[in-house]
Amino acid sequence: MKIEGSYTFNAPRDRVWQVLLDPKVMAQCMPGCEALNEVGPDQYEATMKVGVAAVKGTYKGKVTIKDKQPPSHYVLSGSGSGGPGFMQGDVAIDLEESNGKTILKYSTDAQVGGLIASIGQRMLSGVAKMMVDQFFKKMESFM
């Protein structure tokens with residue numbers, strides 16, 4: 001499942017970088033996040049409650065931040081599983097500063113399996129994009 005897009009923050013790139021990588025802020029902004037605990041440098045365990053259509057469930061997973069090139073690029077690598085199935089993938093995040101604002105571009109090719117995969121690619125992509133937009137809108141309030 002390929003998902004890509006962009007979001008513009010009304011803040012300088014250094015500030016956006018700082019906020020995006022703050023685990024307390026990440027936990028507050030991730031839709032359905034019930035816990036995000038640091039288990040090592042740039043490594044976290046997460047519990048999320050997510051529902052798509054009639055398929056709802058709790059996922060436990062791991063999130064790792066890698067390939068950091070401050071303040072312009074990093075990769076968020078994640079995997080999780082729960083009753084409705086599993087998901088895993090890497091999200092490349094790139095930040096560009098323009099006139100005091102920051103343009104964030106993201107791209108992922110996620111893999112989804114189990115019951116949740118039966119919902120269909122188009123619906124899953126739409127829900128994933130909506131969740132990403134919700135995440136960035138909440139992040140905006142911390143800038």
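We use all heavy atoms of the structure for the numbers below, so side chains are in, but hydrogens, waters and symmetry mates are not. Keep in mind that what you see is a predicted model, and the values were worked out from it rather than measured.
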Does some side-chain heavy atom of [Y] sit less than 4.5 Å from a side-chain heavy atom of [X]?
X: Y106; Y: Y7; result: no
X: F9; Y: M139; result: yes
X: M131; Y: M30; result: no
X: Y59; Y: P84; result: yes
X: K2; Y: T108; result: no
X: L104; Y: I93; result: yes

Quiz item: Short question: side chain of T102, backbone of A11 - any donor-acceptor pair under 3.5 Å?
Solution: yes

Quiz item: Are the side chain of E140 and the backbone of N10 linked by a donor-acceptor contact shorter than 3.5 Å?
Solution: yes

Out of curiosity, does [Y] fall in the hydrophobic cluster containing [X] (side-chain heavy atoms, cut-off under 4.5 Å, transitive links)?
X: M143; Y: W17; value: yes
X: M1; Y: L76; value: yes
X: V91; Y: V50; value: yes

Rounded to the nearest 0.5 Å, what's the gap from [atom1] on [X] to [atom2] on [Y]? Could you check?
X: S81; Y: K60; atom1: OG; atom2: NZ; result: 10.0 Å
X: L95; Y: I103; atom1: CG; atom2: CD1; result: 10.0 Å
X: L20; Y: F136; atom1: CG; atom2: CZ; result: 6.5 Å
X: K49; Y: T58; atom1: NZ; atom2: OG1; result: 4.5 Å
X: L21; Y: I65; atom1: CG; atom2: CD1; result: 5.0 Å
X: M87; Y: M48; atom1: CE; atom2: CE; result: 7.5 Å

If you look at every heavy atom in [X] and [Y], which pair is closest and at what distance?
X: L36; Y: A46; value: CD1-CB, 3.8 Å
X: S72; Y: R13; value: CB-NH1, 3.5 Å
X: S79; Y: Q88; value: CB-CB, 3.8 Å
X: Q18; Y: R15; value: OE1-NH1, 3.0 Å
X: A27; Y: C33; value: O-CB, 3.5 Å

Quiz item: Of K105, Q69, H73, which is the lone residue that meets side-chain hydrogen bond (donor to acceptor under 3.5 Å, both in side chains) with D94?
Solution: H73

Exercise. Flag yes if more than 12 heavy atoms outside K129 fall under 6.0 Å of its NZ atom; otherwise flag no.
Key: yes

Quiz item: Would D42 and K66 pass as an ion pair if we require N to O under 4.0 Å?
Solution: no

